[in-house]
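Below is one structure; the comments refer to it alone.
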Amino acid sequence: MDLEETWDQYETIKTFQRLLISWYRKNGRDYPWRKTRDPYAILVSEMMLQQTRIAVVLNRGFYARWMNAFPTWTELAGATEEEVLTVWQGLGYYNRARYLWRTAQIITHDYGGKFPQNLNEVLALPGIGRYSAGAVLSFAFDQSVPILDGNIKRIFSRIFVIEERIDDYIGEKKLWTLAETLLPTLDARSFNSALMELGQTICLPGTPLCASCPVSSLCMASTLGVTNFYPKKREKIHPTLCEETVAIFEKDGQIFLTQEGGSRRRGLWRLPGTSDLDTSKSRELIEFSYSITRYRVRLRVFLADLQHLTEQNGIWIPLNAQEQWPPLGAPYRKAIEYYSQQRD
DNA sequence: AAAGCGGGGCC
DNA sequence: GGCCCAGCTTT
């Protein structure tokens, strides 16, 4: 459905902007990255929040730790990849940390330490797509550049009862056009923030709180009572089950680790696999499941005898000095922590 | 156009 | 268990 058919262009759009922004002034939360106009501090938050909930980034201290370790472009650019991954470990999607690191090097070397304010230059930075570019330009510089994330897709999908799947090209194109059309020239920062806040607290993925929504009277899905049917999405592929066995080798209070190869958790460390270890002769320590991308993995952890250690490349880490551990994939860290506790 | 990429919190 | 999250890059 075209916007022109739904809303009589100008006046309704102005009303929508006004209702949304005034709601946000009363109800917007005061996140650390909303207290600043520093493009670095804002970009760090945007990178961390890609496919990641605010509660995780905030409550588990990722944002504070990062800003403390790397307060500016310069400190980040001067760090090593291992240092960067260590601070990022546990957050997932580790390429994000590398992209941010590479961006810091580009900003310090090519831009004299000043973040560009031109959309195409921002889009050329690694790990920054259309959403993140719009977010930094609107939040840091109050430029009138649209953003579109999961929250905003859901909101627009309901307001305009969009039948196209929001994760397909056609639907995305339509949604971006809406984001451009509805965006005000002035105070884009508040408008963009308000949309995300609305998606986060009112226009929820499950049952939205339409009674508390400032724009419910303009929302077709709410008016028709069909909010639960929107947004439309692609069918999910169900996870593939697989099994993984790893070994804990201990020597002089140290544990043996190998480094991740391939593209998954690249650069992080892990417990060695046990492809050639006869697990029937080893004691199983613990077993649990975790999900990664499209797999559901049953992980079995064995206590192995040193004579079975054939792997050459690896490191030994002190079991009782966690601060000396290198960046580890979350499941392996958990297994080692469990072993460490149980052993005492 | 589709797949790959982590991990956790909540139902 | 599955769902979803302040997405982006690669194939």
Side-chain angles (χ1 to χ4, degrees), chain A residues 28-29 31-34 42-63 85 88-100 102-103 122-140 146-155 165-173 175-176 179 189 192-201 203-207 231 233-241 260 262-268 270 288-299 327-334:
Chain A
R29 263 200 59 180
Y31 299 119
W33 46 88
R34 282 184 180 159
I42 291 170
L43 183 62
V44 170
S45 76
E46 295 307 333
M47 295 300 289
M48 285 193 172
L49 289 167
Q50 286 171 9
Q51 296 293 286
T52 308
R53 292 179 195 282
I54 292 176
V56 173
V57 168
L58 234 38
N59 301 346
R60 297 183 53 211
F62 284 103
Y63 187 72
L85 289 174
W88 198 273
Q89 80 175 299
L91 246 194
Y93 287 154
Y94 295 95
N95 272 336
R96 293 183 295 173
R98 269 184 283 263
Y99 292 146
L100 194 48
R102 280 171 49 199
T103 291
V122 176
L123 283 170
L125 295 168
I128 301 184
R130 192 170 176 189
Y131 163 77
S132 301
V136 180
L137 289 178
S138 65
F139 297 154
I147 60 173
L148 182 70
D149 75 325
N151 289 306
I152 302 176
K153 284 181 175 180
R154 188 170 58 250
I155 293 170
R165 295 188 286 242
I166 64 166
D167 42 12
D168 277 353
Y169 177 76
I170 304 287
E172 290 223 324
K173 191 166 186 277
L175 289 160
W176 271 111
R189 168 165 42 215
N192 282 344
S193 303
L195 277 176
M196 296 213 285
E197 190 81 18
L198 188 75
Q200 194 194 128
T201 59
C203 199
L204 305 171
T207 303
K233 292 192 170 188
R234 276 207 299 261
E235 306 266 331
K236 285 276 184 333
I237 44 165
H238 60 270
T240 306
L241 302 179
E260 297 276 4
S263 57
R264 188 178 298 171
R265 301 195 190 105
R266 185 158 53 91
L268 275 70
R270 52 163 294 157
F288 58 92
S289 290
Y290 68 89
S291 297
I292 183 166
T293 65
R294 63 184 199 84
Y295 298 93
R296 181 83 191 162
V297 183
R298 199 166 74 100
L299 177 64
L328 280 157
Y332 312 116
R333 173 172 282 273
K334 278 186 190 124

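Below, chains carry the letters A, B, ... as their sequence lines are ordered, and counting in each starts from 1. Computed from a predicted structure; not experimentally measured.
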Report the C-alpha separation of A:Arg96 and A:Thr52 in whole Å, then their side-chain angles, then the decisive distance to 0.1 Å, and conclude whether the side chain to side chain donor-acceptor pair (under 3.5 Å) test is met. CA-CA 12 Å; A:Arg96 293 183 295 173; A:Thr52 308; 3.1 Å; yes
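Scanning both residues, A:Pro327 and A:Gly267, for their nearest heavy atoms gives CG-O, 4.4 Å.
A donor-acceptor pair under 3.5 Å is absent between the side-chain atoms of A:Glu260 and the main chain of A:Leu268, judged by distance alone. Side chain of A:Tyr63 to main chain of A:Asn59: no donor-acceptor pair is present (N/O by atom type, distance under 3.5 Å, no hydrogens or angles). With hydrogens and angles ignored, the 3.5 Å screen pairs no side-chain donor or acceptor of A:Arg294 with any backbone N or O of A:Thr240. Checked by atom type and distance alone, the side chain of A:Arg234 pairs as donor or acceptor with a backbone atom of A:Asp167 at under 3.5 Å. Within the 3.5 Å criterion, the main-chain N or O of A:Gly329 finds no donor-acceptor partner in the side chain of A:Arg270. No donor-acceptor pair closer than 3.5 Å links the side chain of A:Asp168 to the backbone N or O of A:Ile170.
Here the nucleotide nearest the side chain of A:Pro205, chosen from C:dT9, C:dC5, C:dA6, is C:dC5. With B:dG8, B:dC5, C:dC4 as the candidates, the nucleotide lying closest to the side chain of A:Ala330 is B:dG8. Side-chain proximity of A:Tyr93 to C:dA6, B:dC5, C:dG1: nearest is B:dC5. Here B:dC5 is the nucleotide among B:dC5, C:dG2, C:dA6 with the atom lying nearest to any side-chain atom of A:Thr293. In the set C:dA6, B:dA1, B:dG7, the nucleotide with an atom closest to the side chain of A:Tyr31 is C:dA6. Here B:dG7 is the nucleotide among C:dT9, C:dG7, B:dG7 with the atom lying nearest to any side-chain atom of A:Pro331. Between C:dA6, B:dA2, B:dG7, one nucleotide has an atom nearer to the side chain of A:Asp168 than all others, and that is B:dA2. Comparing atom distances between the A:Ile292 side chain and each of B:dG7, B:dA1, C:dC5 picks out B:dG7 as nearest. Closest contact between the side chain of A:Arg154 and the listed nucleotides C:dT9, B:dG6, C:dC4 involves C:dC4.
Among the heavy atoms of the strands lying under 4.0 Å from A:Gly329 are primed sugar atoms or P, OP1, OP2 only; no base atom is included. Among the protein residues, A:Ile128 comes within range of the sugar-phosphate backbone only, with heavy atoms under 4.0 Å from sugar or phosphate atoms but none that close to a base. A:Lys153 comes within 4.0 angstrom of no nucleic acid atom, judged by non-hydrogen atoms across all strands. A:Trp33 comes within 4.0 angstrom of a nucleotide base, judged by non-hydrogen atoms across all strands. Note on A:Arg98: nothing from the nucleic acid sits closer than 4.0 angstrom, heavy atoms only. As judged by a 4.0 angstrom heavy-atom cut-off over every strand, A:Gly90 is placed among residues touching the sugar-phosphate backbone only.
What separates NZ of A:Lys236 from P of B:dA3 is a distance of 13 Å, to the nearest Å. As rounded to whole Å, 12 Å separates atom P of C:dA6 from atom CD1 of A:Ile166. Going from atom CZ of A:Arg296 over to atom C1' of B:dG6 covers 13 Å, rounded to whole Å. For the pair A:Arg96 CZ and B:dG7 C1', the computed distance is 9 Å after rounding to whole Å. The CG-C1' distance, from A:Leu195 to C:dA6, rounds to 12 Å in whole Å. We find that OH of A:Tyr131 is positioned 14 Å from P of C:dT9, with the value rounded to whole Å. Rounded to an integer number of Å, the gap from A:Arg165 CZ to B:dA2 C1' is 12 Å. To the nearest angstrom, C1' of C:dG1 lies 17 Å from CZ of A:Phe288.
Annotation: of the two residues near DNA chain C, A:Tyr99 and A:Leu49, the 5′-most nearest-nucleotide partner is A:Leu49. Map A:Ile170 and A:Gln50 each onto its nearest nucleotide of DNA chain B; the residue landing nearer the 5' end is A:Ile170. Heavy-atom nearest nucleotides on DNA chain C were determined for A:Leu123 and for A:Arg34, and the one closer to the 5' end corresponds to A:Arg34. Mapping A:Ile237 and A:Leu328 onto DNA chain B by nearest heavy atom places A:Ile237 at the nucleotide closer to the 5' end.
When the P atom is compared between C:dT11 and B:dG6, the two are found 15 Å apart, to the nearest whole Å. As rounded to the nearest Å, C:dA6 and B:dA3 have P atoms that lie 24 Å from one another.
Between A:Glu172 and A:Arg130 no salt bridge is recorded (no basic side-chain N to carboxylate O distance below 4.0 Å).
Between A:Ser263 and B:dG4 there is no side-chain N or O to OP1 or OP2 distance below 4.0 Å. Under 4.0 angstrom from either OP1 or OP2 of B:dG7 there lies at least one side-chain N or O belonging to A:Tyr94. Considering only side-chain N and O atoms, A:Asn151 lies under 4.0 angstrom from the phosphate OP1 or OP2 of C:dA6. Between A:Arg294 and B:dA3 there is no side-chain polar atom (N or O) within less than 4.0 angstrom of OP1 or OP2.
Annotation: side chain of A:Tyr332 is in contact with side chain of A:Arg265 (closest heavy-atom distance under 4.5 Å). Annotation: side chain of A:Met196 is not in contact with side chain of A:Asn192 (no heavy-atom distance under 4.5 Å).
Taken to the nearest 0.5 Å, the CG atom of A:Leu100 stands 8.0 Å off from the CD1 atom of A:Ile128.
No hydrogens or angles considered: nothing links the side chains of A:Gln200 and A:Arg29 as a donor-acceptor pair under 3.5 Å. Under 3.5 Å, the side chains of A:Tyr131 and A:Gln50 contain no donor-acceptor pair of N or O atoms.
For DNA chain B, no neighbouring residue in residues 132-139 of chain A is found when judged by any heavy atom under 4.0 Å. Of the residues in residues 52-60 of chain A, A:Thr52, A:Arg53, A:Val56, A:Arg60 come within less than 4.0 Å of DNA chain B through at least one heavy atom, sorted by number.
Stem analysis of DNA chain C (Watson-Crick or G-U pairs, both distances under 3.5 Å, runs of at least three) returns B:1-5 with C:7-11, B:7-11 with C:1-5.
Of the candidates A:Phe139, A:Tyr31, A:Trp33, A:Phe62, A:Trp33 is the only one forming a side chain to side chain contact (heavy atoms under 4.5 Å, CB included) with A:Ser45.
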